[in-house]
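Comments concern the structure below.
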Amino acid sequence: MGVGGWLRKSTDRFLSRFEDPLEQFELARRRQLDLLGDLEHRLLLVQPGSLEEANLLKAKSDLEGRISEFQGIIARLKASQSAGASASAADRLEEEMARLAEDARRWG
């Protein structure tokens, strides 16, 4: 591997540390939904009662389960981010109140 390959690999690894997990799960869920749409289209084209239909129905069930899992993870991440934002705002308010109290003691 040349210097360019090493640099690209190192840069990709560095940037991946800053990726938003919520965004990654949203993207994965969208990909799964696209696959589900393709699978449903294929189901329309197969002969009813065939082995291929049974395999596609099993794959559809598995895919729907995976999509549900992604939706659950996304909901938990959003709730976590919302709770984190609230805690962060409360921390900033507490710091501001402490600063104001210090100013009041200093000037009062």
Side-chain angles (χ1 to χ4, degrees):
M1 174 181 346
V3 174
W6 174 82
L7 183 59
R8 187 176 310 114
K9 186 177 180 180
S10 296
T11 303
D12 289 345
R13 200 174 320 126
F14 175 75
L15 291 175
S16 69
R17 293 180 187 166
F18 297 103
E19 291 178 354
D20 181 13
L22 180 60
E23 183 179 312
Q24 295 300 311
F25 281 110
E26 284 281 358
L27 179 62
R29 185 184 63 84
R30 277 185 259 133
R31 286 181 183 155
Q32 299 298 312
L33 287 170
D34 290 343
L35 287 172
L36 182 61
D38 292 344
L39 197 141
E40 288 173 340
H41 178 72
R42 285 183 58 199
L43 269 169
L44 296 173
L45 303 175
V46 299
Q47 181 180 2
S50 68
L51 180 60
E52 185 178 6
E53 181 190 41
N55 289 337
L56 288 173
L57 288 172
K58 169 79 171 88
K60 180 182 177 189
S61 174
D62 293 345
L63 200 50
E64 288 171 338
R66 200 171 314 137
I67 291 168
S68 293
E69 288 177 27
F70 281 127
Q71 289 172 332
I73 291 168
I74 290 166
R76 287 191 299 275
L77 283 172
K78 285 182 177 179
S80 174
Q81 285 179 348
S82 178
S86 296
S88 178
D91 290 343
R92 285 193 307 270
L93 180 60
E94 189 174 305
E95 289 170 4
E96 184 65 18
M97 293 298 290
R99 189 185 64 76
L100 289 172
E102 180 63 32
D103 286 350
R105 277 194 298 273
R106 187 178 313 137
W107 301 105

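Heavy atoms only: backbone and side chains are in, while hydrogens, waters and symmetry mates are out. Given the structure is predicted, the values throughout are model-derived calculations rather than measurements.
Although no hydrogens or angles enter the test, the distance criterion places a donor-acceptor pair under 3.5 Å between the side chain of Ser68 and the main chain of Glu64. Side chain of Glu53 to main chain of Gly49: a donor-acceptor pair is present (N/O by atom type, distance under 3.5 Å, no hydrogens or angles).
Across all non-hydrogen atoms, the minimal contact from Leu77 to Phe25 is CD1-CD1, 3.5 Å. The nearest pair of heavy atoms linking Leu56 to Leu39 is O-CD2, 3.3 Å. Annotation for Ile67 and Leu36: closest pair CD1-CD2, 3.9 Å, computed over non-hydrogen atoms.
Taken from NE2 in His41 to CG in Leu45, the straight-line distance is 4.5 Å, to the nearest 0.5 Å. Interatomic distance, CG of Leu57 versus CD of Glu40, reported as 10.5 Å (0.5 Å rounding). In this structure, Gln24 CD and Ile73 CD1 are separated by 12.5 Å, a value rounded to the nearest 0.5 Å.
Qualifying side-chain hydrogen bond (donor to acceptor under 3.5 Å, both in side chains) partners for Asp38, counting only residues two or more places apart in sequence or in other chains: none. In this structure, the side-chain hydrogen bond (donor to acceptor under 3.5 Å, both in side chains) partners of Arg66, at least two apart in sequence or on a different chain, are Gln32.
A heavy-atom distance below 4.5 Å is found between the side chains of Arg29 and Gln71.
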